[in-house]
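These notes are about the structure you will find just below.
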Amino acid sequence: MGGTAKRHSSQLLWMSVFFIIRRKINMLDMKMIRQNVEYVKEKLATRNVDASTIDELISLDEKRRDLIVNTEKLKAERNEVSDKISQLKRNKENADEQITRMREVGQQIKDFDAQLLEVKEKQNNIETHLPNIPADDVPVSLTEEGSIELRKIGEPRNFEFKPKAHYEIGEDLNILDFQRGAKVSGSRFLYYVGKGAMLERAIYNYYLDRNDAAGYTEVIPPYMVNSESMFGTGQFPKFKETQAGFEIKDTDLTMIPTAEVPLVNYYRDEILSDEQLPTKFTALSPAFRSEAGSAGKDTRGLIRLHQFNKVEMVQFTKPEDSWNALEEITAHAESLLKELEIPYHVIELTTSDMSFTAAKTYDLEVWMPEQNRYREISSCSNTLDFQARRSHIQYRDENDQLQYVHTLNGSGLAVGRTVAAILENYQNEDGSVNVPKVLQPYMNGLEKIQ
RNA sequence: GGAAGGUUGGCAGAGUGGUAAUGCACCGGACUCGAAAUCCGGCGAACCGAUUAUUUUCGGCGCGCAGGUUCAAAUCCUGUACCUUCCUCCA
């Protein structure tokens, strides 16, 4: 058992190495890079990619194409001579001379192919680690500073008492149980109990209903996905190297860090017709994150957990529509906060703050009274064709030409953090918490948790 | 978890070592006032490279995927994924 398990996992390792090589995966179009070397260097420099990396990529690409020319020449010869051999054999003539020669050619092909594989591997390793090129209007910054506040909606409430932290409120009301979460699972886990569980459920049902009304098709996706899916949306390979997620041992499965992964990969390796665009999906799912590297940050409360619920929105659009779609998806996420009457602001992330796949990102941050600051509750991004290239999602345009679709994702919204925001913003001096009006129908008319 | 069968172009479907039949669909043409039917011709996804760079042409790859044997693999060998059916088990 132990032996087979071990062999099994080493095979999986090879599988995960090879699926990268097997298909030509361009997150950025190699032809585009080749033709715009300086532009790419300049753009990626704003995302901490060294110019020498691009130089190395270019030289590997040249080497690769040279090898292809050489090896294909030999393969063409082999095909031709093989044809002759088969004719000779059919005529019962002697083909020994040709066969001997081809034996040699075959060896040469093998040698070139081995070299080619090596170069491809190196090239792929660089390519798959290059982040998306930021859109031209994204603020440039190499530090965390520099994001732009686009608008601020709603006035933070004036408290006549010292507002409590959401985790205190939740523990005092017996609706959040972090102690037992830690006992049963560990830190960064909790139980929602009673009206707390009901509040969580009310929020995500409310979100799903609103998203449905906005034209998103509701989906219940798998919560574990294979490596190719993780690759398609841009989590792998970096995610794997930094151990940012939970991978299931001895399998090829990873617990999803966001529903974006199964939603975008829904159409992986498919060609859509242009009537299918735009397609809009929404899903409630738990999100699983190891939070490696965030030790000591947000150790209490609902802000940073290993498992949290999130309602996600994903759109597949034609290239010319994706920038409008980003505004639309953001506006829709905002409408949810407006209806919940929680103060928030919208910021535009900087080049280095954006996720690996994003060309442009808006974050929505809600006001947290006890922390006296805004905290992220939604992130809406346009990845352009970055994910579509990795996951091979194309469509036939009106001229019957194949084109990559554009993909967008946005939280609509993070559920656990919504609970936190409601507890803090709607708290009363006596420790009770009012239920936002729009959620009351989802809580059997309950107006206050006490 | 065990067993058997399967996976070939948009679809259907042949092909057990000599380089992917055939049908439907599709594109072009003929016939027609036009269409259908019929006939003739063409193409068979995607991907990669060279060439041309508005159009092209040539080649590689390509029969679920990955290895191996061979001058040559859809075909033989090994591994593996998925689908179907039957046991087993289970919400």
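The chains referred to below are lettered A, B, ... by the order of the sequence lines, with proteins before strands, and numbering in each begins at 1.
Distance check on atom C1': B/rC47 versus B/rC61 gives 8 Å, rounded to whole Å. If you take atom P in B/rU69 and the same atom in B/rU78, they sit 15 Å apart, rounded to whole Å. Between B/rG15 and B/rG1, the distance separating the two P atoms is 34 Å to the nearest Å. Separation of the P atoms belonging to B/rG29 and B/rG34 is 13 Å when rounded to the nearest angstrom. Comparing B/rA20 with B/rG13, their C1' atoms sit 13 Å apart, to the nearest whole Å. Across B/rG9 and B/rC63, the matching P atoms stand 10 Å from one another, rounded to whole Å. Taking atom C1' in both B/rA4 and B/rG60, the straight-line distance is 38 Å, to the nearest Å. Taking the C1' atom of each, B/rC65 and B/rG6 are spaced 16 Å apart, rounded to whole Å.
In this structure, B/rA81 and B/rU7 make a Watson-Crick or G-U wobble pair, each of the two defining distances being under 3.5 angstrom. B/rC76: Watson-Crick or G-U partner is B/rG68, with both key distances under 3.5 Å. Partner assigned to B/rU54 is none, using Watson-Crick or G-U wobble distances below 3.5 angstrom. Pairing for B/rC39 goes to B/rG29, judged as Watson-Crick or G-U wobble with the two contacts each under 3.5 Å. Remark: B/rG17 base-pairs with no nucleotide; criterion is Watson-Crick or G-U wobble with both hydrogen-bond distances under 3.5 Å. With a cut-off of 3.5 Å on both pairing distances, the Watson-Crick or G-U wobble partner of B/rA12 is B/rU22.
Going from atom NZ of A/K63 over to atom P of B/rG49 covers 17 Å, rounded to whole Å. We find that CG of A/D29 is positioned 13 Å from C1' of B/rC47, with the value rounded to whole Å. Rounding to whole angstrom units, NZ of residue A/K84 and P of B/rU19 are separated by 16 Å. Between the CE atom of A/M30 and the P atom of B/rG49 there is a distance of 10 Å, given to the nearest Å. Note: CG (A/L67) to P (B/rC48) measures 18 Å, nearest angstrom. As rounded to whole Å, 20 Å separates atom P of B/rC58 from atom CD of A/E77. Taking atom CG of residue A/L88 and atom P of nucleotide B/rU19, one finds them 13 Å apart after rounding to whole Å. A straight line from CD of A/Q123 to C1' of B/rG49 spans 13 Å, rounded to a whole angstrom.
With sequence neighbours left out, A/R78 forms a side-chain hydrogen bond (donor to acceptor under 3.5 Å, both in side chains) with no residue at all. Partners of A/Y223 under the ring pair (Phe, Tyr, Trp, His ring centres under 6.0 Å) rule, at least two apart in sequence or in another chain, do not exist in this structure. Considering only residues two or more places apart in sequence or on other chains, A/K63 meets the side-chain hydrogen bond (donor to acceptor under 3.5 Å, both in side chains) condition with none of them. Judged as a side-chain hydrogen bond (donor to acceptor under 3.5 Å, both in side chains), and not counting sequence neighbours, A/N36 has no contacts. Evaluation of the ring pair (Phe, Tyr, Trp, His ring centres under 6.0 Å) rule for A/Y442 yields A/Y206 as partners, not counting sequence neighbours. With sequence neighbours excluded, the residues satisfying side-chain contact (heavy atoms from CB on, under 4.5 Å) with A/S290 are A/F246, A/A292. For A/S59, there are no side-chain contact (heavy atoms from CB on, under 4.5 Å) partners two or more places apart in sequence or in a different chain.
Considering only the side chain of A/L402, B/rA46 comes nearest among B/rG49, B/rA46, B/rG18. Candidate nucleotides B/rC48, B/rA50, B/rU19 were compared by shortest atom distance to the side chain of A/R64, and B/rC48 ranks first.
For A/N132 (side chain) and A/T383 (main-chain N/O), a donor-acceptor pair under 3.5 Å exists by modelled atom type.
In terms of position along RNA chain B, the nucleotide closest to A/D83 lies nearer the 5' end than the nucleotide closest to the other residue of the pair A/D83 and A/N79. Each of A/A76 and A/I68 has a nearest nucleotide on RNA chain B; the 5'-most of these lies closest to A/I68.
In this model, a donor atom of one side chain and an acceptor atom of the other lie less than 3.5 Å apart for A/Q315 and A/Y216.
Using a 4.5 Å heavy-atom threshold, the side chains of A/V366 and A/E376 count as separate.
Taking side-chain N and O atoms only, A/Q394 has no distance below 4.0 Å to OP1 or OP2 of B/rA45. Side-chain N/O atoms of A/K110 include one lying less than 4.0 angstrom from OP1 or OP2 on B/rU69.
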Do any N or O atoms of the protein come closer than 3.5 Å to N or O atoms of nucleotides 88-90 of chain B, and which pairs are they?
none

Give me the distances for all protein-to-nucleotides 71-75 of chain B N/O pairs that come in under 3.5 Å?
{"residue": "B/rC71", "atom": "OP1", "partner": "A/R103", "partner atom": "NE", "Å": "2.9"}
{"residue": "B/rC71", "atom": "OP1", "partner": "A/R103", "partner atom": "NH2", "Å": "2.7"}
{"residue": "B/rC71", "atom": "O4'", "partner": "A/I99", "partner atom": "O", "Å": "3.4"}

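For A/Q276, the CD atom is densely surrounded, since the number of other residues' heavy atoms within 6.0 Å is greater than 12.
By the 30° and 60° cut-offs, the orientation of the rings of A/F189 relative to A/H306 is tilted.
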